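Labels below follow one simple rule: chain letters A, B, ... track the order of the sequence lines, proteins then strands, and each chain is numbered from 1. Everything quoted here is computed from the prediction, not taken from an experiment.
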2 protein chains.
Amino acid sequence: MTRVLLVEDEPQLVRALRINLRTRGYEVEAAPDGRTALDLAARRHPDVVVLDLGLPDMDGVEVIEGLRGWLSVPIIVLSARHASEEKVRALDIGADDYVTKPFGMDELLARLRAAVRRAAPAEQAAVVETATFTVDLAAKKVLRDGREVRLTPTEWNILEVLVRNAGRLVGQRSLLREVWGPAYEKETNYLRVYLAQLRRKLEPDPARPRHLITEPGMGYRFER
Amino acid sequence: MTRVLLVEDEPQLVRALRINLRTRGYEVEAAPDGRTALDLAARRHPDVVVLDLGLPDMDGVEVIEGLRGWLSVPIIVLSARHASEEKVRALDIGADDYVTKPFGMDELLARLRAAVRRAAPAEQAAVVETATFTVDLAAKKVLRDGREVRLTPTEWNILEVLVRNAGRLVGQRSLLREVWGPAYEKETNYLRVYLAQLRRKLEPDPARPRHLITEPGMGYRFER
DNA sequence: AGGCCCCTGCCTCTCCAGTGGCAGCCAGGA
DNA sequence: TCCTGGCTGCCACTGGAGAGGCAGGGGCCT
């Protein structure tokens, strides 16, 4: 199911959108202000963000910037402002679409579908194999020697981020941000504990990891 | 360079868009009708398509359908029709954005940038090669003779700054500022130590560096 | 009530960052 | 010709940050 993060402060509009999205099979998380939005984005990992630029606590531009850099999902901006500079600014700092109020519900939904469709192909390659274990990203399963390995939610989240960036280094901060949220960027000890657990469950020789590799001082890397 | 396929039958609009796109560094292919558009798309493989729905020979919807299925680049639709059903239809059969005429040139260009940006990551190849080693900026890896070279965080930061400015001189102050921060602009001895370490790890003959070159009294330069 | 997961605290160990000392090279001046 | 000063490269050393291992408690969900 597609998760939508709806950032909007007008209750009626939230209500209307929520109903429309729900009936079309979307899961909706609503945030009435920027702070809540950033928090929810970190904790719930939406597939797409619908963002009103006129929020009570922060400038919409700040919200976009707060999301971009670590979240790559599409952002569709809603705004009452028709001015060209506003649109250009929002699009250039990372928004994917800009819809001016008042808007037709049908059009917004179509733009949402288009944005989600374009973002989708990125999640291909749902199965990644190594010499000792197999990760099925879609099914959320890990097999080792034909047997299923049980991972806790946190363990799975970490493994998922690393596998999606297979071969690339993932910095400690970005890993912490993706799994625990922006407030935990400095808790590097969490990583040590959970990487050790993952290695115990997955590596043939946990003392000499071949797939879940530490880059001292920088981060971690998954190698197949 | 980004190649734009511009499908539009009004000569003035083609002219205006062509000039605007050219000056911004895009390569422009123009097609006045649907048949030409499909033909050009097949032969020239554009990176993005700007498509007017009102064409003399075919319905714009057919053009979108003719492109989609084998071409995955973004399609931005231009149209004089504001009706909601039109937009929904175009977006649902594969368009990525829908801009109604008359439109602001700035806005169209911003939407174009957003569409290209979203499609881009697939073809990024942040890899720089020299005769003796290879730097992969995205994966944060350095290969030498097929083997991976381990760099410490500081070593990597320095190498990254130099490689991103390949061929250009990087002043001692700016290098210190980028790696250690503004407070360290005078600690030129740091550079001597770490450049020596990098040369030992990467240069074929560290005593006679070919890629990490000192410009006495000025700074350092990376040459491939 | 029980189980399990998340997080913490402690210990050990590795190794990187930064320091200081010294030698080589070059250019300019005595 | 020799000396000197500035810049660079090389090496050894040390403090400390960061990494892993282990054990245990608190809290949430079932």
*asked:* We want to know whether Thr154(A) and Asn157(A) form a side-chain donor-acceptor pair, criterion being a heavy-atom distance below 3.5 angstrom.
replied: no
_Any donor-acceptor N/O pair, Asp33(A) side chain to Asp57(A) backbone, under 3.5 Å_ = no
*Of the nucleotides dG20(D), dT19(C), dT8(C), which has the atom closest to the Asn189(B) side chain?*
dT19(C)
*asked:* Please tell me if Arg150(B) has a side-chain N or O lying less than 4.0 Å from either OP1 or OP2 of dC16(C).
replied: yes
*Touch class at under 4.0 angstrom, heavy-atom based, for Tyr220(B) against every strand present*: sugar-phosphate
*Would you mind checking if Lys201(B) and Glu155(B) are paired as a salt bridge, meaning a charged N to carboxylate O distance below 4.0 Å?*
yes
*May I have the distance from Leu191(A) (atom CG) to dG21(D) (atom P), rounded to whole angstrom?*
14 Å
*asked:* With a 4.0 Å limit, can you tell me whether Gln172(A) has a side-chain N or O closer than that to the phosphate oxygens OP1/OP2 of dA19(D)?
replied: yes
*Just checking Glu155(A): base, sugar-phosphate only, or nothing, at a heavy-atom cut-off of under 4.0 Å?*
nothing
_Whole-Å distance separating the CE atom of Met218(A) from the P atom of dG18(D)_ = 13 Å
*Could you give the CG-to-C1' distance, from Leu176(B) to dA17(C), as a whole number of Å?*
14 Å
*Between dG18(D) atom P and Arg173(A) atom CZ, what is the distance in whole Å?*
11 Å
*Write down the distance between CG (Leu175(A)) and P (dG18(D)), rounded to a whole number of angstrom.*
16 Å
*Check every atom of dC6(C), dG20(C), dC7(C) against the side chain of Tyr190(A) and return the nucleotide holding the closest atom.*
dC7(C)
*For Glu215(A) and dC15(C), give me the distance from atom CD to atom C1', rounded to whole Å.*
14 Å
*Could you check which of dT8(D), dC6(C), dG20(D) has an atom nearest any side-chain atom of Arg199(A)?*
dG20(D)
*Answer with base, sugar-phosphate or nothing: what part of the nucleic acid does Thr214(B) contact at a heavy-atom distance below 4.0 Å?*
sugar-phosphate
_Sugar-phosphate only, base, or nothing, as touched by Tyr194(A) at under 4.0 Å among non-hydrogen atoms_ = base
*Send over the distance from Gln197(B) CD to dC10(D) P, rounded to a whole Å.*
11 Å
*For the residue pair Leu176(A) and Glu187(A), what are the closest heavy atoms and their distance?*
CD2-O, 3.4 Å
*Should Trp180(B) be listed as having a side-chain N or O under 4.0 Å from OP1 or OP2 of dG18(C)?*
yes
*Taking only side-chain nitrogens and oxygens of Arg192(A), does any of them come within less than 4.0 Å of OP1 or OP2 of dA19(D)?*
yes
*OP1, OP2 of dC16(C) versus side-chain N and O of Thr152(B): anything below 4.0 Å?*
no
*Apply ring-ring contact (aromatic ring centres under 6.0 Å, His included) to the pair Tyr194(A) and Trp180(A), showing each step before the final yes or no.*
CA-CA 12 Å; Tyr194(A) 285 99; Trp180(A) 279 271; 5.8 Å; yes
*Spacing between Leu195(B) atom CG and dA17(C) atom C1', to the nearest angstrom*: 16 Å
